[in-house]
Amino acid sequence: MRPLRIVQLTLWAAAAVGLVAVGLVLSGVLPIDGSSRQAAVTGAATQGRSQIGGPFRLTSHTGATVTDGDLKGKPFGVFFGFTHCPEVCPTTLFEITQRMKELGPDADRITFVFVTVDPERDTKEALADYMQAFDPRIIALTGTPDEIAAVAKAYKAFYRKVPTDGGGYTMDHTAIVYLMDKEGRFTSSIDYHENKDTQLVKLRRVVAAAGS
Ligand code: NI
């Protein structure tokens, strides 16, 4: 083998190792609740942050129509999940509840919405029941399957129905809380992997950036 050929092969090998490393980093940065990590990461990795977010029209757990326009004017956090989720969703909603306590009066300067990816089971009544466990300011949202598909697409959020033993199903889904500025633009995210201080710093930053 000629020396030049060896150099080329070495470079290719280094590039391959680099790609694997990037994949691992992304999988940590973009947590998925469920078994579909790789598919979701591949999709998210190709998207720019400025393309995250967009118009939606959904129904709240109190029966009100809520649009992206209703949320603008204040920063907002968007989390996709479902009420039958065994761990990550309730944990995340509990953490949001705790962070809102820690923000004190500043918690009123940001709105949190929980968008179900399981509208089949998560009716507004089911959401109203579920949300009693969390801060009453968090707005749970449901809609038709098409409306949910549209909002998830706007946020580049992934979700998928996964059959379980016994004929039921669970949902795999993107498990970050998207932090949007008061114009509805994506700024950063928090997730259940982070410690509470990191989450709080990010939330304070988003609130501060919006001004008073
Ligand atoms: Ni979940």
Side-chain angles (χ1 to χ4, degrees), residues 22-45 47 49 52-53 58 61 71 75-104 106-107 109-119 121-122 126-127 129-142 148 151-152 154-162 164 169-181 186-207:
V22 167
L24 288 173
V25 168
L26 283 169
S27 63
V29 169
L30 300 164
I32 302 298
D33 181 7
S35 59
S36 300
R37 169 162 293 182
Q38 200 48 52
V41 167
T42 306
Q47 306 297 339
R49 56 157 44 193
I52 295 174
L58 297 165
H61 66 283
L71 299 181
F76 55 97
V78 181
F79 178 63
F80 292 88
F82 66 118
T83 67
H84 285 68
C85 179
E87 192 185 348
V88 172
C89 294
T91 299
T92 301
L93 289 168
F94 175 73
E95 287 182 349
I96 291 173
T97 296
Q98 292 301 113
R99 297 302 86 80
M100 289 177 83
K101 275 196 193 119
E102 291 151 10
L103 282 171
D106 278 350
R109 297 169 62 196
I110 180 167
T111 308
F112 289 96
V113 298
F114 170 55
V115 181
T116 182
V117 292
D118 184 16
R121 292 184 294 202
D122 289 343
L127 290 174
D129 191 41
Y130 187 69
M131 296 313 288
Q132 288 182 31
F134 308 107
D135 190 294
R137 290 169 291 186
I138 303 171
I139 303 167
L141 297 172
T142 188
I148 297 300
V151 64
Y155 280 81
K156 312 292 187 270
F158 158 86
Y159 66 100
R160 179 174 80 112
K161 189 185 270 193
V162 181
T164 53
Y169 66 91
T170 185
M171 304 295 296
D172 286 358
H173 62 93
T174 301
I176 62 172
V177 182
Y178 298 83
L179 298 180
M180 315 299 288
D181 69 12
F186 177 73
T187 61
S188 61
S189 65
I190 56 172
D191 71 71
Y192 65 95
H193 285 128
E194 296 170 319
N195 67 44
K196 69 171 199 162
D197 294 332
T198 305
Q199 293 177 343
L200 205 50
V201 164
K202 290 182 183 177
L203 291 171
R204 288 210 168 105
R205 194 181 298 148
V206 171
V207 168

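The basis for the numbers below is simple: all heavy atoms, side chains too, and nothing from hydrogens, waters or symmetry mates.
Shown here are the ring-ring contact (aromatic ring centres under 6.0 Å, His included) partners of His61, two or more places apart in sequence or in another chain: there are none. Under the ring-ring contact (aromatic ring centres under 6.0 Å, His included) criterion, Tyr130 pairs with Phe134, sequence neighbours left out. Listed by chain and number, the residues in a side-chain contact (heavy atoms from CB on, under 4.5 Å) with Asn195 are Asp197, Thr198 (sequence neighbours excluded). Listed by chain and residue number, Phe114 satisfy the ring-ring contact (aromatic ring centres under 6.0 Å, His included) test with Phe79 (two or more places apart in sequence, or in another chain). Judged as a side-chain hydrogen bond (donor to acceptor under 3.5 Å, both in side chains), and not counting sequence neighbours, Asp129 has no contacts. Shown here are the side-chain contact (heavy atoms from CB on, under 4.5 Å) partners of Ala152, two or more places apart in sequence or in another chain: Phe80, Ala157, Tyr159. Evaluation of the side-chain hydrogen bond (donor to acceptor under 3.5 Å, both in side chains) rule for Asp118 yields Arg121, Tyr169 as partners, not counting sequence neighbours. In this view, Arg204 satisfies the side-chain hydrogen bond (donor to acceptor under 3.5 Å, both in side chains) rule with no residue, not counting sequence neighbours. With sequence neighbours left out, the side-chain hydrogen bond (donor to acceptor under 3.5 Å, both in side chains) criterion links Lys196 to no other residue. Annotation: side-chain contact (heavy atoms from CB on, under 4.5 Å) contacts of Val201 (sequence neighbours excluded): Arg205. Every residue two or more places apart in sequence or in another chain was checked for a ring-ring contact (aromatic ring centres under 6.0 Å, His included) with Phe112, and none qualifies.
Every pair passing side-chain hydrogen bond (donor to acceptor under 3.5 Å, both in side chains) that includes a residue from residues 84-97 is listed here, sequence neighbours excluded: Glu95-Gln199.
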